[in-house]
Novice: 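One structure, as structure tokens, below. Some questions next.
These numbers were taken from a predicted model, which means no experiment stands behind them.
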Amino acid sequence: MSMAAVKFGGVADRLGGLMSRAQALRLRSLAEEAYQPNQYARDLTSEEAERRIDALRAEIALANSF
């Protein structure tokens with residue numbers, strides 16, 4: 001993969017790199033809403049952040065359904 005693709009948000013960067021700022025903000029907000037602040041960590045990969053975001057969204061939706 002070319003350096004330009006990695007430097008400017010190429011596929012390799014998005015798949016294996018650290019979470020984006022938007023993901024970090026979303027994850028922190030959802031973790032606080034779900035009373036699980038330990039779900040947020042600054043050094044998560046993008047993939048792990050998405051997994052945690054999805055899990056927290058599902059948990060919040062379940063809690064709101066009662």
Side-chain angles (χ1 to χ4, degrees):
M1 175 156 284
S2 73
M3 274 311 266
V6 173
K7 184 176 180 181
F8 296 108
V11 174
D13 186 45
R14 283 182 277 148
L15 292 177
L18 292 177
M19 67 180 156
S20 68
R21 186 166 197 266
Q23 284 177 310
L25 293 172
R26 189 176 325 125
L27 180 58
R28 177 176 272 168
S29 174
L30 290 169
E32 289 174 3
E33 184 177 346
Y35 299 102
Q36 295 187 24
N38 59 338
Q39 289 295 319
Y40 174 79
R42 297 180 76 185
D43 60 346
L44 296 176
T45 64
S46 181
E47 296 139 346
E48 180 61 25
E50 279 304 314
R51 280 193 289 272
R52 290 185 186 197
I53 288 168
D54 291 342
L56 287 169
R57 281 184 177 156
E59 186 172 324
I60 290 167
L62 179 62
N64 289 337
S65 69
F66 289 108

Novice: Quick check: closest heavy atoms across A34 and I60, and the distance to 0.1 Å?
Specialist: CB-CG1, 4.0 Å

Novice: Rounded at 0.5 Å granularity, tell me how far CG in L25 sits from CZ in R21.
Specialist: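 The distance works out to 5.0 Å.
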
Novice: Under the 4.5 Å side-chain heavy-atom rule for ILVMFWY, direct or indirect, which residues accompany L62?
Specialist: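 Under the 4.5 Å side-chain rule, L62 groups with F66.
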
Novice: Taking only residues two or more places apart in sequence, or in another chain, which ones meet S29 in a side chain to side chain contact (heavy atoms under 4.5 Å, CB included)?
Specialist: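 Side chain to side chain contact (heavy atoms under 4.5 Å, CB included) list for S29, sorted by chain: empty.
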
Novice: What's the shortest heavy-atom distance between L44 and Q39, and which atoms?
Specialist: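 Heavy atoms only, the tightest pair is CD1-O, 4.1 Å.
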
Novice: List the residues meeting side chain to side chain donor-acceptor pair (under 3.5 Å) with R51, not counting sequence neighbours, and say none if there are none.
Specialist: E48

Novice: With a 4.0 Å cut-off on N to O distance, would you call E50 and R26 a salt bridge?
Specialist: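 Yes.
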
Novice: Can you list every pair that meets side chain to side chain donor-acceptor pair (under 3.5 Å) and has a residue in residues 55-66, with sequence neighbours left out?
Specialist: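 Residue pairs with at least one partner in residues 55-66: Q36-E59.
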
Novice: According to side chain to side chain contact (heavy atoms under 4.5 Å, CB included), who are the partners of A61, at least two apart in sequence or on a separate chain?
Specialist: none

Novice: Using the test side chain to side chain contact (heavy atoms under 4.5 Å, CB included), find all partners of A24 that sit at least two apart in sequence or belong to another chain.
Specialist: M19, Y40

Novice: Is there a chain of hydrophobic side chains (I, L, V, M, F, W, Y, each step under 4.5 Å between heavy atoms) that links L18 to I53?
Specialist: no

